[in-house]
Engineer: 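What follows is a single structure, and I will ask about it in a moment.
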Amino acid sequence: MPSKHKVATTDELTDGSRVITEINGQEIAVFQIDGEYHAIANYCVHQAGPLCEGKLTGETYVEDNGWDWNYDDDEKHITCPWHGWLFDVTNGENIHNSKYKVPTYNVEIENESIFVVR
Amino acid sequence: MTDYFKMFVGSNTNRLLSPESIRTIEGWVRVPNMGSPSNTAESQRIRNLDELDVIVDTDAHIRETIDDLLPYIDDQYEGAKWIVERTEHPERDIYSLTHSLPPSLHAERGGWSADTNTVDKKLNELDEFNIDYGIVDPGLNLVLPTVNNERIAVALTKAYNNWLLDNFLDEGNHRLKANLLVSHHRPEMMAEEIDRMAGEKDIVGVAFPSTGVIPPAGHDRYDPIYQAAEDNGLPVFFHGASTNTSHVFPLQRMYNQTYTEDHVIIHPFSQMWNLSSLIFQGAPERFPDLDFVFQESGVGWIPYLMWRMDDHYLEMNYELPLLEKMPSEYIHDQIYFTTQPLGHTEDNPRHLAMAIEMAGPNNIMYSSDLPHSDFDPPSELFNRIRGHFDRETVENIMGETARELLDL
Ligand code: FES
């Protein structure tokens, strides 16, 4: 039966910041990105690296004209500090291959407190 | 005929070969030397990394800086030191440490900062991955072949060795062993350097940075290095570096517009060149008691090159009178390989084990390449091989072969 676990208060978690905590033996990070909260396991499905200790980053992409490179600075991708794999913290998926997916968890806000449901 | 032998010569072997010729070929593929593959009984398997007696990282980098080395340049090289000290960007203008695009963007561990230039930090890194011994190799000085000036190259080589002794080996820990450094610039001076350093405690080999070495490793101008290594009982380690592309493959560098294009090919490419040069120029024949170790190109390329070299040897022996036996036999007898980078082998984990089986598992040694961002933790290799080989072969790959080769 999942239960709710308080991890921080909303004023503790500013835009682009995170908190990493342990819930029932699983390390879980909660990120605040653009006012939304996202909980994701601090565990990289590549070689078990501490995924959520890495940097948040955007994404390079090619413009429709096929020539220009651009950088999307919506920094919602977590970079694993071990080998640099990138996962979208909003859904846990590797940005290059959705077959690689890190568990995510529901987050609930009550009275300015942030809860992870696990 | 064993199942394993069938894998090598094809399923129609029984029909095509007489028993006599089968025996001949069995000798060539050295069946008795191979680790036992997948028909191993369940009880002989190893299940857990904790069951290993020893894990040896045969490519454990430290990250020396110019500032670390400067105080260790001998007085004899005062003039060289004076120049290096006053060089504003020594990584660029003394060494030519360049990439197609900067690698620092893709991972935080990075490759070139000074985070692992103390014993404690390096030991912490080994502890993080439960590694017992690290065979220390240089970081910045992998780029040594790009130093244009011979005097400065020799001064920096000796400075690295002095720094290594003072900071890593005289510290009384016995988990860090190291290869003494040589440069390719002045082989006869490097022979003296090997003699100077070989007796130092915890020196286990000779590091010969090998991408950018022109001529390649088999040329007899390097014989003084090989002779001194053989005399001192130290294996020679060849370590590639994609940074050095600018010197050895400038045309490729110019057209490799990304770090990825450069890095993907240069490690195996330059090691293939050095290994084939070494074998076909007869270096193992000239130095039969010397072992060679190829680092940081993974294992997938080994069977391919071995097959190709054997094939050429049989076809063109008129130009290879130096060789007394098949290239693959020299490899089995005198050449070792370290495992990192394994590559992305997850889609069919058995394939990596099969590649190791084809390469000859007794010559394969685990390496991490820590702290670089393409490092392999021990589990990555262990999980791919533990179900394929018997216990002893797995133990050998993870550490026992290195323990024996390097006398740990
Ligand atoms: S463990 Fe995360 S990228 Fe390798």
Engineer: Taking atom CD of A/Glu112 as the centre, report whether more than 12 heavy atoms of other residues, nucleotides or ligands fall under 6.0 Å from it.
Structural biologist: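 Open: at most 12 neighbouring heavy atoms sit under 6.0 Å from CD of A/Glu112.
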
Engineer: Is the count of non-hydrogen atoms from other residues, nucleotides or ligands lying under 6.0 Å from A/Gln26 atom CD greater than 12?
Structural biologist: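 Enclosed.
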
Engineer: Within the supplied structure, the quantity of interest is the number of heavy atoms (other residues, nucleotides, ligands) at a distance under 6.0 Å from A/Asp64 CG; does it exceed 12?
Structural biologist: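 Not buried by this count: 12 neighbours or fewer within 6.0 Å.
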
Engineer: I'd like to know whether OH of A/Tyr71 has more than 12 heavy-atom contacts from other residues, nucleotides or ligands below 6.0 angstrom.
Structural biologist: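 Yes, because the 6.0 Å sphere around OH of A/Tyr71 holds more than 12 heavy atoms from other groups.
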
Engineer: Kindly give the heavy-atom pair with the smallest separation between B/Ser379 and A/Gln47, and that separation in Å.
Structural biologist: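 The pair with the smallest heavy-atom distance is OG-OE1, 3.9 Å.
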
Engineer: Do B/Glu346 and A/His46 have side-chain heavy atoms sitting under 4.5 Å apart?
Structural biologist: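 No. Closest side-chain heavy atoms not under 4.5 Å.
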
Engineer: Around atom CG of A/Asn111, are there more than 12 heavy atoms from other residues, nucleotides or ligands closer than 6.0 Å?
Structural biologist: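 Not more than 12 within 6.0 Å, no.
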
Engineer: Should the pair B/His344 and A/Tyr100 be assigned to parallel (<30°), tilted (30 to 60°) or perpendicular (>60°) ring geometry?
Structural biologist: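 Aromatic pair B/His344/A/Tyr100 classed perpendicular.
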
Engineer: Quick check: closest heavy atoms across A/Lys99 and B/Asp347, and the distance to 0.1 Å?
Structural biologist: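 Result for this residue pair: NZ-OD1, 2.7 Å.
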
Engineer: Distance check, rounded to the nearest 0.5 Å: A/Trp82 atom CH2 versus B/Asp376 atom CG?
Structural biologist: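 CG of B/Asp376 is found 11.0 Å from CH2 of A/Trp82.
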
